[in-house]
Undergrad: 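Have a look at this one before I ask anything.
Both counts, for ligands and for their atoms, begin at 1 and track the order of listing. Residues: numbered from 1 along the sequence shown.
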Amino acid sequence: MSTDTATAVRYDRDADGIVTLTLDDPNQSANTMNELYRESMAAAVERLYAEQDDITGVVITSAKKTFFAGGDLKLMVQTTKENAGDVFAQCESIKQALRRLELFPKPVVAAINGAALGGGYEITLATQHRILVDDPRIKIGLPEATLGLLPGGGGVTRAVRKWGLQTALMDVLLQGTQFNPTKALEKGVVDELVATQEELVPAAKAWIKANPEAALSPWDAPGYKMPGGTPKSPALAGFLPAFPALLRKQLKGADYPAPRAILSAAVEGAQVDFDTASRIESRYLANLVVNQGSKNMIQAFFFDLQAINSGSLRPQGIEPYKATKAVVLGAGMMGAGIAYVLAKAGAEVVLKDISVEAAEKGKAYSEGLLDKAISRGRSTDEKKAELLGRITATDDPAAAAGADLVVEAVFEDPALKAKVFAEILPHLAPDALLCSNTSTLPITELAAGLENAEDQKRFIGLHFFSPVDKMPLVEIIAGKETSDEALAKAYDVVLQIRKTPIVVNDSRGFYTSRVIGFMVNEGMAMLAEGVAPYSIERATTSAGYPAPVLQLSDELNLELMAKIAKATKEANPDYPVHPGSLVVEKMLEAGRAGRLRGAGFYDYEDGKRGSIWAGLADLFPVAEEQPPIQDIRDRMLVAEALETAKTFEEGVITSAAAANIGSIMGIGFPPNTGGAAQFMTGYENKATGEIGLDAFLARADELAAKYGDRFEATPWLRELAASGKGFPA
Ligand SMILES: NC(=O)c1ccc[n+]([C@@H]2O[C@H](COP(=O)([O-])OP(=O)(O)OC[C@H]3O[C@@H](n4cnc5c(N)ncnc54)[C@H](O)[C@@H]3O)[C@@H](O)[C@H]2O)c1
């Protein structure tokens with residue numbers, strides 16, 4: 001409870017009669033829509049009305065680093081179906097104060113000093129003019145859809161009235177776009193930019209003085225017409241029916257909680273008055289908040305990501321590290337991408353290959369990316385020259401002199417990797433971090449290739465994903481000898497290049513490659529059982545995976561899969577042969593190894609994918625009876641989840657956040673599940689409403705009875721469920 005004096009909204013009136021409302025929660029580092037905010041904002045607005053004759057305008061700004069952080073998500077995930085009504089009521093009370101502020105008969109201006117996402121931006125939408133500091137690190141917008149939610153603080157209602165239904169949905173609401181200041185100005189998300197924090201409030205006051213009559217938002221002004229028309233107007237009426245289908249296509253049929261709710265709230269709200277629309281919006285939000293799918297997404301995309309990015313998986317008490325001079329060994333596909341992201345993050349990069357030509361070819365990759373960025377207005381010639389100036393293409397190990405970071409990305413051959421490290425070591429700074437981008441070789445074995453025990457301690461796996469410049473995840477693999485210091489440094493390097501790190505202990509296939517193997521094998525196993533290939537593909541994308549599984553197998557390459565299966569078998573002869581492996585063998589016999597060979601589950605012409613290979617039906621005849629589509633989906637999801645549980649059991653992965661983020665960002669586990677760990681602990685039996693690990697185990701048991709004992713959970717997982725605990729956070 002708040003005391004009489006505590007307030008989260010400070011109130012100051014200057015000599016010109018301009019009131020500045022400063023958002024500043026005294027109890028938290030960030031402002032959120034908690035109880036204190038609700039009370040403080042309501043009180044501040046009442047005071048405005050009480051003193052209105054002495055007021056010429058209102059500026060709303062914030063004393064925190066971020067303008068306003070948004071809704072209280074901790075509270076939201078704890079909400080149950082029984083207290084959905086409370087969510088609705090709280091939402092309405094927050095909106096009532098904002099609506100009163102918006103209707104205050106003097107101009108109200110938002111002076112946005114930091115990130116304003118979700119609730120933060122919704123506050124500013126209730127003003128007549130938005131001014132933002134032009135700092136490219138600041139993001140602004142309504143990203144609720146990406147958390148399985150909708151902007152329920154008036155965001156849907158005002159966005160629809162501001163931009164019109166179509167633009168609001170497509171550009172602002174459904175994708176949850178976060179705008180940087182330039183884009184925000186371009187799209188009208190804000191109205192004005194200022195260069196510095198110091199100019200912000202003065203600019204807001206100047207606007208008030210220049211526009212003393214601008215007290216109404218456009219939608220409250222007489223003669224307002226909704227841009228693009230209301231759903232009743234012919235132009236929009238013709239277009240609207242196509243919208244749900246368009247959305248389904250965009251989501252590839254996957255079941256995401258938010259988009260349909262946003263669409264409905266927007267369309268229904270566009271046909272009624274502001275206050276009714278606002279209530280409709282609150283109701284849809286209350287429904288989403290109690291939806292398990294939304295809670296799963298909030299867990300992964302808010303709590304897990306935030307924890308990882310603030311260092312939850314990094315050993316404590318070790319000085320922050322920043323790479324200043326990096327050597328990338330191997331300028332092939334991966335090395336070229338790694339050099340680019342390091343140079344982009346400000347490091348000097350020595351890109352070394354066996355010849356200067358090969359190294360230059362790798363550097364040219366950066367040039368290509370920069371040219372593309374320039375053509376899209378995302379970079380400039382100066383920035384390009386600067387970045388390329390930081391990359392030295394060479395074949396000379398001596399160019400590495402004094403480097404504090406090595407990332408090795410030569411061919412996947414342990415002897416070659418040992419050789420290139422031996423060659424570069426004498427030139428490095430004494431405590432340089434040694435990383436390998438191997439995708440399959442155990443880190444502990446690679447470390448053993450280094451002669452010096454001290455070098456083995458600073459050796460670590462840094463597993464990038466392709467294409468490196470686009471993929472957001474890096475999997476850090478600690479070997480047996482890897483020191484905490486090396487781990488902390490690797491973590492810092494990943495954050496330095498603005499990617500998300502997960503940390504795992506050494507194991508064959510680490511976490512990501514090991515788990516994705518089970519999804520791919522399951523997809524292929526179904527072919528051998530006579531499931532129609534088209535159904536398998538459709539089921540994969542409608543589950544929420546980014547690509548159909550047979551298509552993905554073609555990309556991953558069946559020869560590589562056979563090689564990995566063989567290596568696994570050699571390392572562990574008792575390892576059961578997956579029925580998917582037999583499909584790989586048959587495909588290889590038929591000369592269809594995948595995209596690289598121009599023939600796989602699909603046909604290819606000039607590298608372009610065509611239809612599913614007609615001969616597939618001869619190799620794997622389609623059975624008359626087909627399984628339910630939900631079984632096809634769940635077989636892949638449950639296979640990956642069960643393997644994730646095994647990686648916990650073996651201590652390969654140690655945190656649910658790492659499993660969730662690693663599976664979503666690294667290997668395309670459906671985002672709408674909240675990730676491979678959350679899929680289990682947040683599993684909902686739609687028929688009974690039961691939620692949790694027990695419900696997941698019951699589903700796995702069903703699949704085991706129908707499709708084989710590889711769906712049997714281990715005793716460890718059953719004990720975990722019985723204990724009532726989840727995976728470690
Ligand atoms: N391709 C992927 O998707 C992917 C993903 C993650 C990790 N990896 C791993 O990254 C590594 C590189 O893979 P890639 O796909 O970039 O291979 P690549 O064949 O494209 O590139 C390898 C490069 O290493 C160079 N090279 C060979 N010997 C060298 C030496 N002695 N000194 C310097 N350079 C030398 C080659 O000339 C070539 O340019 C492998 O370990 C691979 O397993 C690959």
Side-chain angles (χ1 to χ4, degrees), residues 326-342 349-366 391-400 403 406-428 434-443 445-447 449 459-477 494 497 499 501-502 504 508-517 520 547 552-557 559-561 563-564 567 594-596 662 665-668:
V327 190
V328 178
L329 298 172
M333 187 168 93
M334 298 304 287
I338 295 166
Y340 172 75
V341 294
L342 281 165
V349 180
V350 175
L351 182 56
K352 184 196 168 296
D353 208 294
I354 39 172
S355 66
V356 174
E357 294 74 53
E360 285 290 355
K361 198 170 154 229
K363 183 174 171 179
Y365 179 75
S366 287
I391 303 179
T392 309
T394 183
D395 62 350
D396 178 10
V406 180
V407 184
E408 169 278 311
V410 300
F411 302 131
E412 192 75 333
D413 168 1
L416 176 64
K417 289 185 191 283
K419 182 178 152 249
V420 297
F421 271 109
E423 186 181 65
I424 211 77
L425 270 163
H427 303 285
L428 304 173
L434 311 175
C435 308
S436 173
N437 177 46
T438 176
S439 44
T440 56
L441 303 168
I443 292 303
E445 284 171 30
L446 283 184
F459 187 84
I460 197 161
L462 211 56
H463 181 208
F464 286 85
F465 295 79
S466 175
V468 176
D469 57 295
K470 291 220 177 70
M471 293 292 282
L473 189 82
V474 179
E475 185 174 25
I476 300 174
I477 305 112
V494 177
I497 57 173
K499 297 205 182 279
I502 62 162
V504 309
R508 194 160 284 282
F510 317 132
Y511 169 69
T512 52
S513 309
R514 172 171 166 178
V515 168
I516 198 178
V520 167
L552 174 70
S553 309
D554 273 359
E555 301 288 336
L556 293 175
N557 189 297
E559 280 159 358
L560 192 68
M561 288 183 208
K563 215 170 127 189
I564 293 171
R595 180 182 205 127
L596 209 63
M665 289 189 171
I667 52 175

Undergrad: Would you say atom 17 (O) of ligand 1 has a protein heavy atom nearer than 4.0 Å?
TA: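 Under the 4.0 Å cut-off, atom 17 (O) of ligand 1 has no protein heavy-atom neighbours at all.
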Undergrad: When you measure from the side chain of E408 to the backbone N and O of V420, does any donor-acceptor pair fall under 3.5 Å?
TA: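 Not at all, since once roles are kept as given, no pair shorter than 3.5 Å links the two residues.
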Undergrad: Please state which part of L441 comes within less than 4.0 Å of ligand 1, counting heavy atoms only: side chain, backbone, both or neither.
TA: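 The answer is neither.
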Undergrad: Ignoring angles and geometry beyond distance, decide whether K419 reaches within less than 3.5 Å of ligand 1 through its nitrogen or oxygen atoms.
TA: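 There is no such contact.
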Undergrad: Would you say D353 has any N or O atom under 3.5 Å from an N or O of ligand 1, going by distance alone?
TA: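 For ligand 1, there is an N or O atom that lies under 3.5 Å from one belonging to D353.
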Undergrad: Give me the nearest non-hydrogen protein atom to atom 21 (O) of ligand 1 as residue plus atom name, then the distance to 0.1 Å.
TA: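 For this ligand atom, the closest protein heavy atom is G332 CA, 3.2 Å.
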Undergrad: In ligand 1, which numbered atoms sit nearer than 4.0 Å to a non-hydrogen atom of K352?
TA: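 Taking each heavy atom of K352 in turn, ligand 1 has 32 (N), 33 (C), 34 (N) under 4.0 Å.
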Undergrad: Do me a favour and list the nearest non-hydrogen protein atom to atom 41 (O) of ligand 1 with residue, atom name and distance?
TA: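 Looking at atom 41 (O) of ligand 1, the protein heavy atom closest to it is E412 OE1, 2.4 Å.
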Undergrad: At a 4.0 Å cut-off, with the gap strictly under it, does some heavy atom of K417 reach an atom of ligand 1?
TA: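 It does; at least one heavy atom falls under 4.0 Å.
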Undergrad: In this structure, are over 12 heavy atoms from other groups packed under 6.0 Å from K499 atom NZ?
TA: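 Counting other residues, nucleotides and ligands, NZ of K499 exceeds 12 neighbours.
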Undergrad: Just by distance, do the side chain of K417 and the backbone of S436 share a donor-acceptor pair under 3.5 Å?
TA: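 No; zero donor-acceptor contacts below 3.5 Å.
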Undergrad: Look at atom 27 (C) of ligand 1 and say which protein heavy atom is nearest, naming residue and atom and giving the distance to 0.1 Å.
TA: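 Here the nearest protein heavy atom works out to F411 CE1, 3.6 Å.
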Undergrad: Taking N or O atoms only and a 3.5 Å limit, does N437 qualify as a polar contact for ligand 1?
TA: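 N/O-N/O distance below 3.5 Å exists for this pair.
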Undergrad: Compare every heavy atom of I354 with every heavy atom of D395, then report the nearest pair and how far apart it is.
TA: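 Nearest heavy atoms, D395 then I354: CB-O, 3.8 Å.
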Undergrad: How long is the gap from CD1 on I460 to CD1 on I477, to the nearest 0.5 Å?
TA: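 Between atom CD1 of I460 and atom CD1 of I477 there are 8.0 Å.
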Undergrad: Taking distance alone, with N or O pairs closer than 3.5 Å, would you say F464 contacts ligand 1?
TA: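 No.
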Undergrad: If you measure from CZ on F465 to CG on L473, what distance do you get to the nearest 0.5 Å?
TA: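 Going from CZ on F465 over to CG on L473, the span is 5.0 Å.
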Undergrad: Looking at ligand 1, is there an atom of it that comes within less than 4.0 Å of some heavy atom belonging to A409?
TA: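 For ligand 1, residue contact (heavy atoms, under 4.0 Å) with A409 is present.
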Undergrad: Which residue and non-hydrogen atom of the protein lie closest to atom 11 (C) of ligand 1, and at what distance in Å?
TA: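 Sorting protein heavy atoms by distance from atom 11 (C) of ligand 1 puts V410 O, 3.2 Å first.
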Undergrad: In ligand 1, which numbered atoms sit nearer than 4.0 Å to a non-hydrogen atom of S466?
TA: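 Per the distance check, 3 (O).
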Undergrad: Would you check if the side chain of S466 reaches a backbone N or O of V468 as a donor-acceptor pair within less than 3.5 Å?
TA: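 No, because the side chain of S466 does not come within donor-acceptor range (under 3.5 Å) of the backbone of V468.
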Undergrad: When you measure from atom 31 (N) of ligand 1 to each heavy atom in I424, V420, T394, which option holds the nearest one?
TA: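 Checking each option, the heavy atom nearest atom 31 (N) of ligand 1 is found in V420.
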Undergrad: Strictly distance-based, threshold 3.5 Å: is any side-chain N or O of D353 a donor or acceptor partner for the main-chain N or O of G330?
TA: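 Absent.
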Undergrad: Is the shortest side-chain N to carboxylate O distance from K352 to E423 below 4.0 Å?
TA: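 A salt bridge links K352 with E423.
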Undergrad: Which protein non-hydrogen atom lies closest to atom 29 (C) of ligand 1, naming both residue and atom, and how far is it?
TA: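 Of the protein heavy atoms, I354 CG2, 3.6 Å lies nearest.
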Undergrad: For atom CG of L560, decide whether the heavy atoms of other residues, nucleotides or ligands shown that lie under 6.0 angstrom number more than 12.
TA: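 More than 12 within 6.0 Å, yes.
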Undergrad: Out of curiosity, F464 CZ to I338 CD1, how far, rounded to the nearest 0.5 Å?
TA: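 Spacing of CZ (F464) from CD1 (I338) equals 4.5 Å.
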Undergrad: Which residue owns the protein heavy atom closest to atom 43 (O) of ligand 1, what's the atom, and how far is it?
TA: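 Heavy-atom neighbour on the protein nearest atom 43 (O) of ligand 1: S439 OG, 2.7 Å.
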Undergrad: Counting both backbone and side chain atoms, is some N or O of M334 under 3.5 Å from an N or O of ligand 1?
TA: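 N/O-N/O distance under 3.5 Å: yes.
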Undergrad: Atom 28 (N) of ligand 1: which protein heavy atom is closest, and how many Å away?
TA: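 Residue, atom and distance for the closest contact: L416 CD2, 3.6 Å.
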Undergrad: Taking the side chain from E475 and the backbone from T512, do they hold a donor-acceptor pair closer than 3.5 Å?
TA: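 Checked: pair present.
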Undergrad: In terms of residue, atom name and distance, what is the protein heavy atom nearest to atom 20 (O) of ligand 1?
TA: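 Closest protein heavy atom to atom 20 (O) of ligand 1: M333 N, 2.9 Å.
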